[in-house]
There are 2 protein chains.
Amino acid sequence: MSSERSYKIGELSRMFGLTARAIRYYEELGLLESEDRDGPEHRRYSERNAVRIKRIQQLKDYGLTLAEIHELFELARRDRSGDSVRKSLAEKYHARLDEARKRRQAIDEYIDDLSWHVEQLERVQDFFECPGASCADCRWAERCDVRLLVSKGV
Amino acid sequence: MSSERSYKIGELSRMFGLTARAIRYYEELGLLESEDRDGPEHRRYSERNAVRIKRIQQLKDYGLTLAEIHELFELARRDRSGDSVRKSLAEKYHARLDEARKRRQAIDEYIDDLSWHVEQLERVQDFFECPGASCADCRWAERCDVRLLVSKGV
DNA sequence: ATCTAAATTGACCTTTAACGTAAAGTTCTG
DNA sequence: CAGAACTTTACGTTAAAGGTCAATTTAGAT
């Protein structure tokens, strides 16, 4: 058995590249627990709590907010073995995945569009903006369907 | 020649599902230009500016901020004639493309990682938090390198 | 015992984007 | 001329994740 080492806030701060304030803030939110103190002694965090910080950072990287992470932690605490935790976590993950896929699609479209612009840049004179006096001769017709809106007389 | 029709702010607002405030805000940012007025008459927007709104919405959907859109508009305005400027604009575009491709790659990695977690979720029992009394037996070792940090005694 | 670095609490502050909202007055349209 | 639509100015909103004092206290080393 390894003797339980404990960490001071400054150590953790250096380990994870966080400020002490951030760590205290995590604790304030209930994401971490320092060992019991009587009075205002320096905080001590167990190794388990150090690991938690790493975990928090992972989840944060995955786009979860601290509130969501807290929610997950609470679920896990309440139901150490239960399927409910697993289920809710799976839901969260899937939601994030969908979101991410959407974002990727948006970026792909953006890239397409920008590529198209670059092409136009090399070929067309008035390349950026609908050049027609009226939208009737809009060269951008395929990408700019305002003509339809206008003709509908909305 | 079609007679230049002009639009009042309320018309545009209905056409594009924006509030008048939003449209005024766009103008305030320099994204739109209403026709010249003497005094506080009602704004009139040319058809060209109506088209611009559509364009703004497109770019917004692609994830650009209004500031970025403004930047693009400015670039385009400055380029209106010269080839050299066109070239620098092309460079800007290419830079943005690179940027976007990088962002896409990051998102792909993120998706991979999340997918991995989802898999684990379905296979591992103690899936949530490093279960070891000490990090030495952390099942998450490959993805959770806190062990390294700890052993470094940072 | 002292010195100093490191920590403590509490309270307010910051940042950003893209508008919302109110108020009080003016212009346009039928 | 009614009243809808519009004008300007200017402050408010939203939330997340800490930042920044400030005054004090503790921990650990000499």
Task: Contact under 4.0 Å: A:Lys8 side-chain N or O vs C:dT8 OP1/OP2 - done: no

Open item on the list: Is the phosphate of C:dT21 approached by B:Arg21 (side-chain N or O, under 4.0 Å from OP1 or OP2)?
Closed with: no

- [ ] Would you check if the side chain of A:Glu41 reaches a backbone N or O of A:Asp38 as a donor-acceptor pair within less than 3.5 Å?
- [x] yes

TODO: Name the residue closer to the 5' end of DNA chain D, choosing between A:Arg44 and A:Ile23 according to the nucleotide with the nearest heavy atom.
DONE: A:Ile23

TODO: Check whether any side-chain nitrogen or oxygen of B:Tyr26 sits under 4.0 Å from OP1 or OP2 of C:dC19, and answer yes or no.
DONE: yes

- [ ] Provide, to the nearest angstrom, the distance between the OH atom belonging to A:Tyr25 and the P atom belonging to D:dT20.
- [x] 16 Å

TODO: Using atom CD1 of A:Ile9 as one end and atom P of D:dA27 as the other, report the distance to the nearest whole Å.
DONE: 14 Å

Open item on the list: I need the CG-C1' distance between B:Asp38 and C:dC28, as an integer number of Å.
Closed with: 16 Å

- [ ] With A:Arg5 as the cation and A:Tyr45 as the aromatic partner, state whether NZ or CZ is under 6.0 Å from the six-membered ring centre and within 45° of the axis.
- [x] no

Task: Separation of C:dT27 P from B:Arg43 CZ (nearest whole Å) - done: 14 Å

Task: From C:dC19, D:dG18, D:dC6, nucleotide with atom closest to B:Arg24 side chain - done: D:dC6

- [ ] Measure from CG on B:Leu18 to P on D:dC6 and round the result to the nearest Å.
- [x] 14 Å

- [ ] Find the distance A:Leu32:CG to D:dG18:C1' and express it as a whole number of Å.
- [x] 14 Å

Task: B:Thr19 side chain near C:dG20 phosphate (N/O to OP1/OP2, under 4.0 Å) - done: yes

Task: Minimum-distance nucleotide (side-chain atoms of A:Arg37 versus C:dA18, D:dA17, C:dT8) - done: C:dT8

- [ ] Check whether NZ of the Lys or CZ of the Arg B:Arg52 lies under 6.0 Å from the centre of the six-membered ring of B:Tyr26 and within 45 degrees of that ring's axis.
- [x] no

Task: Nucleotide nearest A:His42 when distance is taken to its side chain, options D:dA17, C:dA18, D:dT26 - done: D:dT26

- [ ] For B:Glu11 and D:dC6, give me the distance from atom CD to atom P, rounded to whole Å.
- [x] 8 Å

Open item on the list: Rounded to whole Å, how long is the line connecting atom CD of B:Glu28 with atom P of C:dA17?
Closed with: 14 Å

TODO: Looking only at side-chain atoms of A:Ala22, point me to the closest of D:dA17, C:dC19, D:dG18.
DONE: D:dG18

Task: CG-CD1 distance between B:Leu12 and B:Ile23, expressed to the nearest 0.5 angstrom - done: 5.0 Å

Open item on the list: Using only atom types and a distance under 3.5 Å, with no angle test, would you say the side chain of A:Asn49 pairs donor to acceptor with the backbone of A:Glu33?
Closed with: yes

